[in-house]
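Report on the following structure.
Residue numbers count from 1 along this sequence.
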Amino acid sequence: MKRIPSWITYTVLRLLVFAVPLVILLLVGLVWWLAVIAAALIGLCLSYIFLSRPRNAVSSDLYAVRHRDKPATSEDDDVEDAAIEDAAAEPRDRGDQKA
C-alpha cells in the first residue's frame with residue numbers, strides 16, 4: 001500500500017484546523033466575515049502548536065526534492081533532448097542561396 005504524501009496530510013489537517021472552528025463560530029451565530037477571520041487566526045495558532053511534525057515532514061520532503069544529486073529526468077525529456085541535438089547537428093538548408 002502506498003504511503004500518503006506528507007503534503008496531502010498537512011494540507012488536510014490545516015483545512016480541518018480552519019474549518020472546524022469556522023463551523024463552530026458560525027453555529028454560535030457570529031457574523032460570517034468575523035467568523036472567517038477568527039477561524040483563520042485560531043487555525044494559524046493551532047497549526048503552529050500542534051502540526052509541527054507534519055510541517056517538518058513537508059519541509060524535509062521539499063528539501064530532498066530540491067537538493068537531489070541527480071536531477072530526475074523522464075523518457076519525454078530524453079526524447080526532447082535527442083531531437084534538439086539532432087536538429088543542431090543537421091546542416092540548415094537556406095532557400096535564399098542559388099545553386
Shared hydrophobic cluster for [X] and [Y] (ILVMFWY, side-chain gaps under 4.5 Å):
X: W7; Y: V12; answer: yes
X: Y10; Y: V65; answer: no
X: L25; Y: W32; answer: yes
X: V20; Y: L30; answer: no
X: F18; Y: L15; answer: no

What donor-acceptor contacts under 3.5 angstrom involve side-chain atoms of residues 33-52, with partners at least two apart or in another chain?
| residue | atom | partner | partner atom | Å |
| --- | --- | --- | --- | --- |
| S47 | OG | G43 | O | 3.0 |
| S47 | OG | L44 | O | 3.0 |

State the [atom1]-[atom2] distance between [X] and [Y], to the nearest 0.5 angstrom.
X: T11; Y: L16; atom1: OG1; atom2: CG; answer: 11.0 Å
X: N56; Y: S6; atom1: CG; atom2: OG; answer: 10.5 Å
X: D81; Y: D86; atom1: CG; atom2: CG; answer: 11.0 Å

Test item: D61 and P5 side chains (from C-beta on) under 4.5 Å apart, heavy atoms:
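D61 does not reach P5 side chain to side chain.
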
